[in-house]
**Q** 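After the C-alpha cells below, expect a handful of questions from me.
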Amino acid sequence: MGGLRLRVPLLSPCLFLAFHAPDNTSLSSFNPNFDAPLYIYISLPISLNSSTKLTKNKNNKNKNKNNSNKEHKKHTQEGNTKIDIDQKAMAYEKVNELNLKDTELCLGLPGRTEEIKEEQEVSCVKSNNKRQFEETREEEESTPPTKTQIVGWPPVRSSRKNNNSVSYVKVSMDGAPYLRKIDLKTYKNYPELLKALENMFKVTIGEYCEREGYKGSGFVPTYEDKDGDWMLVGDVPWDMFSSSCKRLRIMKGSDAPALDSSL
Amino acid sequence: MNYFPDEVIEHVFDFVVSHKDRNSISLVCKSWHKIERFSRKEVFIGNCYAINPERLIGRFPCLKSLTLKGKPHFADFNLVPHEWGGFVLPWIEALARSRVGLEELRLKRMVVTDESLELLSRSFANFKSLVLVSCEGFTTDGLASIATNCRHLRELDLQENEIDDHRGQWLNCFPDSCTTLISLNFACLKGETNVAALERLVARSPNLKSLKLNRAVPLDALARLMSCAPQLVDLGVGSYENEPDPESFAKLMTAIEKCISLRSLSGFLEVAPLCLPAFYPICQNLISLNLSYAAEIQGNHLIKLIQLCKRLQRLWILDSIGDKGLVVVADTCKELQELRVFPSDVHGEEDNIAAVTEVGLVAISAGCPKLHSILYFCKQMTNAALIAVAKNCPNFIRFRLCILEPHKPDHITSQSLDEGFGAIVQACKGLRRLSVSGLLTDQVFLYIGMYAEQLEMLSIAFAGDTDKGMLYVLNGCKKMRKLEIRDSPFGNAALLADVGRYETMRSLWMSSCEVTLGGCKRLAQNSPRLNVEIINENENNRMEQNEEDEGEKVDKLYLYRTVVGTRKDAPPYVRIL
C-alpha cells in the first residue's frame, strides 16, 4: 500500500486542489458528497484498480460479506479517495453549495445539525470472484445487519465490551489547522480536562460559571452530545458528560453567539 | 467379587479423582456402585436440568462439593434471555433439607439470589468455598450474608458476575474471628470498596494466597495490602491514578519486591502505564498474566512488561499488543501453554492499526512449542497461516479462532478457510474444543467429521452451505458433547437424521438456522429423554395451537438430555416440546 495521502483543509470554497495520479494508474470516479468533508483527501499514487465509494458511516464498515481486497481496508472517514481532475468543476460547484454539517472545521454556527447522509457504502469488489460479487450485491439490497447490529457478535462477554471502549473524542479549535484527539477517560473532572485543553492548544479558557459560561476568556469549549446537539462544556455532571460527549469544539469567544440564540 | 473389605476399596477409590473415572468405576458392578456413591465427595453437573437435586442427593448423600452449570454457553453473548432459567435456589433448599454437609459450591451461568446466598450461609456449618462464574441476580447484600455467617470460609471467588453493588459494608461483615481466608476475588464489583475493612481483613488472613481487587481500590491501598500479604501467589490489581507521586510509587515498588511468591497477575482495570514498571521485579516469576481488561495500556508498554516474563505459561491480552508484540511473546515466553487475545475494538469504530493478524498467530505457533490452548480474535486470516500453525503446533487441545467479520474469506486468495481449519483438525489429533469462523463451506465440516475424533465442543457461526455440513459433524465426531450453532443454513434434515445421537451429548444449540417448528416437534416426539426448548421472545408469535405454522423457522433451539423430564420453571416464551 503505497502512496502519500494528504489531508488538506477546505478553508474556503475557493481553495480546491486536485492532483491526478500517474497515467498508468486508473482513477476511480469520485462522487463528492459535500454534506460532510471539510477536508479533501488527495492521494498520490495509489494502486487501487477497482471502483471505490467513500463511506462515512463507520457502522457500515465491513458491511459486505465478502470483501476481498488485498490491501488493508480502512473504512473510516478518511477513505482512499482520488479526485478526478475532470470533475473539478463539478466538485467546485458542489463545494459552493456546501451543506456544512460536519464539524471538523465548522464554517457555520453550532447547533445546526443537519444529518449527514451516511448511506454511502464501500464496496470493494474483486471482479475475478463472481460468487462473492453476487452475494455482495444481494446484501446491499437487503441491508444486512452490520457488525454493531448483530446480536451477540463478536462473541465477547459484555463485561469486556464495556471495558474496551476507549473514549477518544476529536477536539477542534477554531482557527487551528488540524484536530486533536483526547481520551476522555484519562480525566476525572472538568478542571483536569480544561487544563489539558489549554495545554494542548496553548490558550486560556478560564473557569466555568453556571450563569455565564466562560465569560472573559475568549474561548468557549463546547461539545456535541449523543443526540447531536452542541452543548456548553460544564453544564452537566462529569460522568454524564464523559459518557455522552462525542466530540469537542473550542469556539473563539468573539465568534460564539449567545447560547440562547442558537438553534 | 470383592476380595477386600469395603473400606479398603473405598480407600482405593479415594485416589480416583476425575469425574469420568469415578463414573466408570460406578458402572463395574453393584457393589462398586454402592461403595462409590457413598464415598463420592465431589459431583459435577454440567447441565442443571439434566438431573434434579433430589436424585442427586439420593445417589450421593455424602457429597461435599457441588459444581453446577446453568445457561448454555451462548448466554455469555446475550443470546439467552435473562429469565430463561438456571436457578440455584431449589438446589440449595434441597441440600439444606437433607442436611448434606456441603462445603463447596461452584456455579457457572446460574441465577443466584440474595435469598439463596442467605440460605446457603445459614444451612451448612462447614461451608468453605463459594465460586460464582458468570452468574447474576444477587447483590452485595447476599455477599454480606456469606461473610457474616460462614465461619470457616476459605474461598470467595466472584468471576465476571453481574452483581448489583449496593455499596454496603459487606467487607465489614467478616467477623474478626475470620482468619481462614485463602482466596478472595471481588474484581467484578463495580462499586466502592471499604478499603479500611479490606486492609483489616487481609491483615488477619495469614493464609491468603489469592486476592483480586476491584477498580475501587487505589494505588496507595494496594501498596499497603501487598505489604500485609507478601505471601500472595495470585494478585488482581484494581485501579491506578494517572500519575502516581514518587512516594506512592516507591512504596508500591517496595511492597511488590517483597512478594516473591507472586505467580499470577491480573486486573489492571484502570491503569496508568507509568505504574507498570513497579511490577518489573516480579515478572520473572510470573506464570500467569491477564491484561485483557487493561484497555489503557498501549502495545509498547505491554511489550516491555512481557519481555521480562520468561516463565509465562498463561497469557490473556488485548489485540492492542499487535503482531509486533506477539512476536516478542513468541521470542520470550517459551513455556507458554495458553494464549487468549481479545479484541479491543469490539465495534469496529477505531481504525486499529495495531490489531493482530495471521502474522502474530503464526509467530506464536512457531515460537511456543508447548502451546495447547488458544483463543484468538483477529480481523483477517489466511489458509496458509493456519496450515503453518497446524504444522508448528500439533498439540492443540483448544483452538478457537474468531475472525471479527462474519463470512470473511482468506484475505489474500479470497478462498474460504476450509483448508486452513482442515489442516488444524488433521494435525491436532488431541483437539477437544474448536471454534471456527470466517468464510466456510460444508467442506470444513467434512474435514472436522473425518479428523476431529476427540472433539467434544464445537462452536459454529455464519458457516456452511447445506445440511450436509452439520451431518458430517454429527456422524463423524463421536465424542461430541456440546454443539452450538448460530446463523448457519442447517435445517430439519440435519436435525432429524439421527435423533438418538443427542442422548450421547450434553446439549445442542441452534439459533438463526433453518430448523422449523415442525422439525422440532418431530424431534421431541420420539425423544422422551430430551428436552427440546424453543426460545421465542417475540410476543406476537405466541399463537394458538391450531394456528401454528409448522413451517415457521425456529429462532432459538436448545435441546439437552435429561433424566427428569420437562422442567417446571421455564418462562412463558420458552416452549418445551
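In what follows, chains are A, B, ... by sequence order, proteins preceding strands, each numbered from 1.
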**Q** Does A:Lys195 NZ have over 12 foreign heavy atoms under 6.0 Å away?
**A** no

**Q** Drop me the distance from A:Ile150's CD1 to B:Arg486's CZ, to the nearest 0.5 angstrom.
**A**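 The CD1 atom of A:Ile150 sits 7.0 Å away from the CZ atom of B:Arg486.
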
**Q** Considering only heavy atoms, which portion of B:Phe74 lies under 4.5 Å from any heavy atom of chain A: side chain, backbone, both, or neither?
**A** neither

**Q** Is there a side-chain contact (heavy atoms from CB on, under 4.5 Å) between B:Leu79 and A:Trp153 once you walk through the steps?
**A** CA-CA 10 Å; B:Leu79 286 178; A:Trp153 192 263; over 6 Å; no

**Q** B:Phe77 ring centre to A:Arg157 NZ or CZ under 6.0 Å, with the angle to the axis within 45°?
**A** no

**Q** Measure the CD-OG distance between B:Glu160 and A:Ser158 for me, rounded to the nearest 0.5 Å.
**A**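 Reported value, rounded in 0.5 Å steps: 9.5 Å.
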
**Q** Work out which heavy atom in B:Phe377 is nearest to a heavy atom in A:Pro155; give both atom names and the distance.
**A**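 Smallest interatomic distance, heavy atoms only, reads CZ-O, 3.4 Å.
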
